Amino acid sequence: MIVGAGFAGYRAARVLSRLTRHKADITLLNPTDYFLYLPLLPQVAAGILEPRRVTVSLTGTLPDVRLVLGEADAVDLDGHTVRYTGPEGDGGTLPFDRLILAAGSVNKLLPIPGVAEHAHGFRGLPEALYLRDHVTRQMELAAAADDPASCAERCTFVVVGAGYTGTEVAAQGKLFTDSQIRRRPLRAGMRPRWLLLDVAERVLPELDENLSRTADRVLRQRGVEVRMGTSVKEATHRGVLLTDGEFVDTRTLVWCVGVRPDPLAESLELPLEKGRLLVDPYLQVPGRPGLFAAGDAAAVPDLEKPGAYTPMTAQHAWRQGKAVAHNVAASLGLGERRAYRHRDLGFVVDLGGVKAAANPLGVPLSGVAAGAVTRGYHLAAMPGNRVRVAADWLLDAVLPRQAVQLGLVRSWSVPLDTASPEVARVPGGPEKARAGNPGPAGGPRAGEGAEPADAIQDPDAGKHAEPPGPVKEPDLIQDADAAKHAEPPGPVKEPDLIQDVDVDADADAAKHAEPPGPVKQPDLIQAPEHTPGASSDAPAVHKHRPRDPSALAPPEPGPPASSEGDS
């Protein structure tokens, strides 16, 4: 049983299926049916790559692995079961003999007023799609604004965190907005303004100083305002107050300050290291013979640096996935165990266009040479879609980018404080009962309202959009067509049922239908197709504890591939 299909989980499933050769039943539990190649996510937000280019089908590349769509809610270590919630709200329980916990990481939220309500992270595909639409919309509204102050506010973008993700988002975003104003200029003398903030002393503080200087130089030459030793003190829907006392008028706050382990690791009530599950050099949890962990969820001893643990990077997660697969196979009598050791191959940072910073095998590179090495590395590291990615790069080099907003992901559907950044909230959809998601299912968090920021930014869209209010019966919305043709019930107290009655569509049918008497139908709200959740006699499980925002992971470590905490 493998929980999570990030860099560690995907590699573990792939290697383990090859090692066992149909001698073991392998189940992969993941909320999506794809592996996300996170290092190229900033290029999706900048309109260079289409979303499917950075996703690799799990069923297409793991034919011998059983895929179960869902999110793990709790683990019963004594009963050897994992309880999960499916994408349509139905629950279930999966048994295991060996468990590999590779749940990855989530956005790290600092206790700063207004950040949870007005900032958005950059950990999943929904967040990248939202940012792409949001930036495009702000540029279009800024170009049409008559008020200079409103124009300046909308074309100002603040990125917090100068690690891998924040640096690449700012670099790619500046090129994206500059390409838009070439076709539709702003008011006289105005240009898009991008700010990159961090409390560290330099950009990419976890990397070599040569790479840091290269990235800093490229950003400043491009027009990005790099402010080190500065962060956000307070955020509102109209701007941010910086720690140096300046208030910046903006409608965009991108939160890239780092990641922290998925709360699932904490719920096991086992020894932790800053939220990560402590394991031995063989990636096994001491005292639990059938429990393994890898990637961002595991604190793996760094045998090259005694007393330290490997950082939360894509390169480590990818290699740990292979090592844990060999050790699980060894526990089944196939091969021998191997301790996890690593050797840094170098680092690459894509700065957009032909610019990059890289030091493959310790050789510092910049400019076109670094750009070629960076893209070559990504093509070699991707487990699929190489031709499609290369084709999009070629088209971007010869054709203008398509700057259109599709409106598929709304602000309230990608909250910063969520345990599932890879899944966007939908109206009436099931909400995972995990720490950090206090809001109702399918709607804004408690006290947040329906899109406080976007309601101002996009008033016309809000007029025609169906408000995502709290809904207790997800299956009723999903089966609206069946409800239309069902015999109308008598008086009921359920407000959601009244919301889903299509009066216009069934007016004629209602005239000829014999009205039933008053009924008490708790089962009416549950659609016939609804699959019940886990049985009430399921084994006892460890409950999740609420997140503690003060229990923070260390500042984002740098991945060798391209984004912090890419597993």
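What you see below is based on every heavy atom in this structure, not just the backbone, and it leaves out hydrogens, waters and symmetry mates. Predicted model only: the values in this text are computed from it and were never measured.
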K.L.:
Is the number of heavy atoms from other residues, nucleotides or ligands within 6.0 Å of CG (D280) greater than 12?
P.N.:
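More than 12 heavy atoms, drawn from other residues, nucleotides or ligands, come within 6.0 Å of this atom.
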K.L.:
Do L219 and L196 have side chains that approach each other closer than 4.5 Å (heavy atoms only, starting at C-beta)?
P.N.:
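The answer is yes; the side chains approach within 4.5 Å.
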K.L.:
Please identify which of these residues, R123, E127, R260, meets the side-chain hydrogen bond (donor to acceptor under 3.5 Å, both in side chains) condition with N107.
P.N.:
E127
K.L.:
What about F35 and F7, are their ring centers closer than 6.0 Å?
P.N.:
yes
K.L.:
Once rounded to the nearest 0.5 Å, what's the spacing between atom CG of L379 and atom CZ of R386?
P.N.:
8.0 Å
K.L.:
Is any side-chain heavy atom of V409 less than 4.5 Å from a side-chain heavy atom of D133?
P.N.:
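A side-chain contact is absent here, since even the closest heavy-atom pair is not under 4.5 Å.
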K.L.:
Any luck finding a side-chain donor-acceptor pair between S17 and D64 under 3.5 Å?
P.N.:
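No, D64 and S17 have no side-chain donor paired with an acceptor closer than 3.5 Å.
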K.L.:
Does K174 pair with E168 as a salt bridge, N-O distance under 4.0 Å?
P.N.:
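Answer for the salt bridge query: no.
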K.L.:
Does any non-hydrogen side-chain atom of L125 lie less than 4.5 Å from one of Y34?
P.N.:
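Side-chain contact under 4.5 Å: yes.
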K.L.:
Would you say that V203 contacts D198 through its side chain, given a criterion of any heavy-atom pair below 4.5 Å between the two side chains?
P.N.:
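With C-beta onward as the side chain, the pair stays apart.
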K.L.:
Answer yes or no: is there a side-chain heavy-atom contact under 4.5 Å between L94 and T81?
P.N.:
no
K.L.:
Give a yes-or-no answer on whether the side chains of Q284 and N327 include a donor-acceptor pair shorter than 3.5 Å.
P.N.:
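No, because no side-chain N or O of Q284 sits under 3.5 Å from a partner of the opposite role on N327.
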K.L.:
Do R425's NZ or CZ and the ring of W412 fall within the cation-pi criteria of under 6.0 Å and 45°?
P.N.:
no
K.L.:
Quick test of your reading of the model: are R52 and D392 salt-bridged, counting only N-O distances below 4.0 Å?
P.N.:
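Judged by the 4.0 Å cut-off on N to carboxylate O distance, R52 and D392 do not form a salt bridge.
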K.L.:
For residues T61 and P383, determine if any side-chain heavy atom of one lies less than 4.5 Å from a side-chain heavy atom of the other.
P.N.:
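SC-SC contact between T61 and P383 ruled out.
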K.L.:
Do any N or O atoms from the side chain of Q320 and from the backbone of G295 form a donor-acceptor pair under 3.5 angstrom?
P.N.:
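Answer holds: yes.
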K.L.:
Just checking, is any N or O donor in the side chain of T310 or H342 under 3.5 Å from an acceptor N or O on the other one?
P.N.:
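No, no side-chain donor-acceptor pair sits under 3.5 Å.
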K.L.:
Any side-chain heavy-atom pair from L291 and L270 closer than 4.5 angstrom?
P.N.:
yes
K.L.:
Side chains of F157 and V254: closer than 4.5 Å at any heavy-atom pair?
P.N.:
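Result no, sub-4.5 Å side-chain heavy-atom pair not found.
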K.L.:
Looking only at side chains, do S413 and Y130 share a donor and an acceptor under 3.5 Å apart?
P.N.:
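Per modelled atom types, S413 and Y130 side chains form no pair under 3.5 Å.
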K.L.:
Roughly how far, to the nearest 0.5 Å, is the CG atom of L40 from the CZ atom of R375?
P.N.:
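Rounded to the nearest 0.5 Å, the CZ-CG separation comes to 9.0 Å.
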K.L.:
Atom CZ of residue position R388 - does it have more than 12 heavy atoms of other residues, nucleotides or ligands inside 6.0 Å?
P.N.:
no
K.L.:
Run the side-chain hydrogen bond (donor to acceptor under 3.5 Å, both in side chains) test on S57 and T59 for me, step by step, so that the C-alpha distance in whole Å, both residues' side-chain angles and the decisive distance to 0.1 Å come before the verdict.
P.N.:
CA-CA 6 Å; S57 169; T59 55; 3.3 Å; yes
K.L.:
Report yes if the distance between the aromatic ring centroids of Y37 and H378 is under 6.0 Å, otherwise no.
P.N.:
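Yes.
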